[in-house]
Amino acid sequence: MSSENSTDLLRQEVRAWLQENVPAGWREAMTNVDQELFFEAQRDWFKKLSAAGYATPHWPEGWPGGGRSLAEQKVIYEEVARADAPRLILYFVALYHAACTLMECGSKEQQEKYLPGILNGEIWCQGFSEPNAGSDLASLKTKAERRGDKYIINGQKTWSTMAQYADRCLLLCRTDNSGPPQAGLTYLLLDMKSPGVSVVPIHQITGDDEFAEIFFDDVEVSVDDLVGEEGNGWAVAQATLASERGLTLVELSQRMRYSLSFLAEAMQANGTSEDPVLRRELGNVIARVDGACALADQYLLKRISHQEQVGDASLVKLYYAQALRAYTTLGRKIAGLDGMFDPGFMRGATQETGNWPLDFMNSYNWSIAGGSNEIQRNIISERMLKMPREPKSWKWEGGR
Amino acid sequence: MSSENSTDLLRQEVRAWLQENVPAGWREAMTNVDQELFFEAQRDWFKKLSAAGYATPHWPEGWPGGGRSLAEQKVIYEEVARADAPRLILYFVALYHAACTLMECGSKEQQEKYLPGILNGEIWCQGFSEPNAGSDLASLKTKAERRGDKYIINGQKTWSTMAQYADRCLLLCRTDNSGPPQAGLTYLLLDMKSPGVSVVPIHQITGDDEFAEIFFDDVEVSVDDLVGEEGNGWAVAQATLASERGLTLVELSQRMRYSLSFLAEAMQANGTSEDPVLRRELGNVIARVDGACALADQYLLKRISHQEQVGDASLVKLYYAQALRAYTTLGRKIAGLDGMFDPGFMRGATQETGNWPLDFMNSYNWSIAGGSNEIQRNIISERMLKMPREPKSWKWEGGR
Amino acid sequence: MNEFLKELQDSARQVMEGAGTPAKEESTWGQLVELGWLLTAVPEELDGLGLGADALCMLSGELGRNLSEAPFLPAALAIEALVQSGLENKAELLAGLTMGGELATASLAGSDVTASGSGDSLTLNGKLVAVQSADNASQLLVWSNDSQCVALVAADQAAVEAVSRPGWDVTRRLFDVTLNGAAGVALAQGAEAEALVARLLNLRDFAMAADSLGGANALLELTIVHLTDRVQFARPLASFQALKHRCADLKVEIAAAEALLNDSLLKIEGQLGSDDAVFRGKKAKYLASATYSKVAEECLQLSGGIGMASEYPCHLYLKRSMLSEHLGSQGSYEADIAEAFLRQLSI
Amino acid sequence: MNEFLKELQDSARQVMEGAGTPAKEESTWGQLVELGWLLTAVPEELDGLGLGADALCMLSGELGRNLSEAPFLPAALAIEALVQSGLENKAELLAGLTMGGELATASLAGSDVTASGSGDSLTLNGKLVAVQSADNASQLLVWSNDSQCVALVAADQAAVEAVSRPGWDVTRRLFDVTLNGAAGVALAQGAEAEALVARLLNLRDFAMAADSLGGANALLELTIVHLTDRVQFARPLASFQALKHRCADLKVEIAAAEALLNDSLLKIEGQLGSDDAVFRGKKAKYLASATYSKVAEECLQLSGGIGMASEYPCHLYLKRSMLSEHLGSQGSYEADIAEAFLRQLSI
């Protein structure tokens, strides 16, 4: 049986399963709900999906659902997008970032200690960004001081997704200030219930609060929870960041593509589909969204065939962010004045809620977080197009 | 009589004169003509205009046509634009750049020697830009070496408007390499018939050749033709560059505004005025063109009332260049495939020929020459918005 | 802007800066009444300041800068309508609306109202959307959908129902208002009403343009401060050329829209509502509103993560700009501008 | 792209690079015939290479890179039409058109031709625009404006008049051709002709997309070399972040349009001309052509003064991109794409 056929069969199987199992009307059910109901829905969906083996296709052979090729993972993502199934945003960091980091860089003891918990639905968050270390992550300052067999943590993290609900945290800290910024970082696994940890949700401009700040006041972490070696945290963090590279954007761009029908239906519903100007803009958006899907697909195929080149991932993310902006901008135009009312939001629905101003504002998550558009442009121009790098040192000349 | 009334009277007078004197059908007559006919037309128009006193309104009291206030000059420019009169592009450098430089920085002897010639129709060109000194004018290398009472010139200038027909040249040279780039520049007046001067027209992408390169091979210039002091050329050049500041863009933006009717007529002629998409784009272009006019007007009013601020001129030029690009881009869309044929060009008509691809390409003259859009953005961000300046020294770090 | 207006602007800015950003209705409405801002466009013979649309726009710009919640624009429209009317007791009514702290408000968007009757015995039916601060109003300014009637409607009658309609823009409190056979007093009818509606919408366009540019300016300034203060990669963000150039592009857009607004106000003086003034008003509103949106969208990106947090005011400008875009409808303004231009051409 | 195509591309690039930029017709046409490029899409049973649309697009991309004047695309369309036809002597005709150096050309834009008669006794009337290299052609591929007839028309008959129509794009020599009762041979009629026209236009869209992206890539590379070499303010221009970011934006546009083209070619394999393939072709052509124009416009600015000189090739790309935009009409493609999408939705 060729691999083509094997993915075809998988596709049929997943599609049939999703058809039976995606909770009907989950979007409506998640509109303006409180956190508790949302959690319950996420928990239920996680249980279903992992029971079917579709929550962990990227885990290695031997784990439940694991051992899938990238091509098979892609099929599962595509079908999940096509079925407009809920995203597992509460478990995403656990299933991808935490699991992949543990598998790639964790000790055997760490793997045995934490991976079963993840499969059981433990929630993880990521503690990387800080108020003064966003685009420039390497400049982070949260301090981990070794005292005997413990690290003592002091400092602050921000923009941590779902941190207020997390059981554990992937924590990147500074243990040494003497070298260049990327050196002296250390990667720890933190129990969020440890004394001295406090979490403050960030109220977002959309009304949601899926991000939070985490404060550390003399928090203790056992050296057993050190991943890799002290001072080698930057390399471990790269493994974390690469853990979902490509797959997420395949899923998201496919979701965007399938949700084009929402846009078109909204146009038909309010008559704007007869407006020649908005129609042409729709044509433009369709082509760009298809371009985003094709680019994400191509990137994953390159990864599968080990032909990934530096900058490729940046192209995908930058184009996706821009297509999403164009798409939600058209949505705003279509909704017109009516769209400016009803600031209700929908939990866990990412961009495709049909509340266009909300979707538009959420589109900035993709142009700012995870390496802003500007950072991607730096990478593309410097590392792909080989244009000279920005100076590493900079002196203020002239002045205000 | 209030000054409002005095400009109103002038406006009526100029308008009536133009109505009688603008050569009918000059656009058609200048399409695909050879240089000779174009010259003749320019000469005739110059004679007429200066006889009426409208060629030199910016000259001081005492000179023919001179002594007009900026407000009056503005009226004349506006009316010339409104009447769609030919532009005096052959004499522009002489009447503005040369004359104003002489009046502001020239010696009495130089004024007496050269100004009457300018009134008589001598053609001047400007020798500032060099192949490696475009945006970075201060880095120019053309060398002037003092030997006795002469300077010996060696080097090359480029993008000199109409240099191949010029009698004289405003020449900016380097006499000293030891200091910072802006120091050590010297400003000379050159007879273009001097031995060792050779001129090579630049074939432009539009088919026109209104620019030329000038080569200097041991060319002698008398010290009598030194303007200001040796080494003080940068300051003199600033006077040259400021000589037409504001006025030209008032005229050009008004021309663009009046020529909107060409665009609309073209739309009506080929039926695209019924296309709702192109109609809306027309609406957008109209608003932007009006914005460009208002901005140019406001700038001149600020100059008149001595309230000009650094960066103001950059705002005007950058917005004009962008509005012109949008305007000619719409023209291209309207012309469609038909517009891609007939590469005929029109001499001296600047942007408003109705040959839209030509006009579109000519619009780059305004975004590149005379301080590119990028230079204007530097000025606006650094000097107006007070953002930090680009580093004055730069080291290649990393590498390709 | 003349010297007098500049002084007025300086003092208005001081007042508004004291009110904070966003400036809440309760803290600014009383103050602006007290300062006589609502007297701006009232003629001197009616005890007003006799200033023109440019003064009203200047104040709108200051309110836009500070994201003011106060219903200054609808109140000014109602006052303007009253000034233009032949109502007998208009001096008395004006006194209440300008200095008495009473509010007459109006829809900032479309009207779908029919009117029957005449004089002080009008009957009005229909719906108004985007009526600002209706809960605080004693009167509503209403025009019929055929522009044949402009009326004042008392807000406290049973036939008037106002329902709060919260929206993304929290700096303007909007209401849907239903008129179920509400009684009203005519300010103008027939051709006079038509002219008055044109005048009011024209004034609205100019004031909205000014509000937009006030906001755009304030937001760009705020963003440049942020870029200057925030250090990444051991440099202030403001030192990155790619960001500098984008700020310059925003600056030039604002400058052109401002110049167009000011130039238009100069040129239409005294002819508010004429075809020419309406055309100019649409161009000014279109360019200003498009500029505001562009500035707000870019500044959200330039602000990075902090811009996504509700505590930072960037999003308030963005949401106000998005709402303003739809008050008057950008898309149709482009078409209207082209339409008016092509019509002129064929004359 | 598979390994075989990649090898073919490497050798094609070598050949084209030898031909210079722009590659003149006289120096490349013979060469590409000799190399068998016109055999690409001819099935193996007709002595061709039996490669698909992807191979044709790859070659179009290489020709686009080098601004080739050779009429490869119209020739390939004529050959494709012949292959699809049931003509008895098609093997013989194909031999002449693929390896014999004979050229059958076609319009790259619209057709306004009517046909009467059938089989080998057609009579054709009307006008073709944008027919490439018509002076070198022995045959013309023509389809009627109702798509009910696709024909080959001998170029040397008196009823065929070709007039050179020089344009801004000097890299393609275009002609207007008038058919005054010209005799022709039908390649397909009726429903078959309709399907064939759809197939040919679909192929044209894909090939034009590839040509556009070849040009866009070459121009961006050229521009980056220029920016790297040119020093101003004691730094290479390529070190200015504002310019770097603009180059990155162009790169990402090109990458997405390329990915879309390649993905489409993969997905339509063997179904050229189907509704789905036509929809994909329009999207690919639209995105590629819009990208080419954007890249060319930006690169002209990024090149500064040198870009305005005819000796520097930037303008040749710009002019080719401008022409390509109108071959197939961008504006209507946007509308077509929306139309097709909305239609799918309502099924």
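Note that the structure is predicted; figures quoted are calculated from it, not measured. Numbered from 1 within each chain, the chains take letters A, B, ... in sequence-line order.
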When rounded to the nearest 0.5 angstrom, what is the spacing between CE in Met387(A) and CG in Leu227(D)?
-> 5.0 Å
Please indicate whether Arg13(D) has more than 12 foreign heavy atoms, meaning atoms of other residues, nucleotides or ligands, lying under 6.0 Å from its CZ.
-> yes
If you measure from CG on Leu315(A) to CD on Glu253(D), what distance do you get to the nearest 0.5 Å?
-> 11.0 Å
Side chain, backbone, both or neither: which part of Gln268(A) has an atom under 4.5 Å from a heavy atom of chain D?
-> side chain
Pick whichever of Leu220(D), Leu266(D), Ile337(D) has the most heavy-atom pairs under 4.5 Å with chain A.
-> Ile337(D)
Residues passing the side-chain hydrogen bond (donor to acceptor under 3.5 Å, both in side chains) test with Gln307(A), sequence neighbours excluded, are Ser305(A)
Check: Arg377(A) main-chain N/O paired with Lys251(D) side-chain donor or acceptor under 3.5 Å | no
Find the distance between CG (Asp263(D)) and CD (Gln298(A)) and round it off to the nearest 0.5 Å.
-> 8.5 Å
Contact class of Asn378(A) relative to chain D, heavy atoms under 4.5 angstrom | both
At a heavy-atom separation under 4.5 Å, does Ala255(D) approach chain A through its side chain, its backbone, both, or neither?
-> both
More than 12 heavy atoms of other groups within 6.0 Å of Asp275(D) CG | no
Region of Glu339(D) in contact with chain A, defined by heavy-atom distances below 4.5 Å = both
Rounding to 0.5 Å, atoms OG (Ser261(A)) and CD (Gln344(D)) come to a distance of 10.5 Å
Supply the atom-to-atom distance Cys247(D) SG to Glu382(A) CD, rounded to the nearest 0.5 angstrom.
-> 12.0 Å
Side chain, backbone, both or neither: which part of Leu260(A) has a heavy atom under 4.5 Å from chain D?
-> both
Sub-4.5 Å side-chain heavy-atom contact between Leu342(D) and Met267(A) | no
Go through the atoms of Gln376(A) and report whether side chain, backbone, both or neither lie under 4.5 Å from a heavy atom of chain D.
-> neither
What distance do Glu334(D) atom CD and Arg279(A) atom CZ have between them, rounded to the nearest 0.5 Å?
-> 12.5 Å
Selection from Lys282(D), Lys283(D), Arg246(D), Arg280(D) maximising heavy-atom pairs under 4.5 Å formed with chain A = Lys283(D)
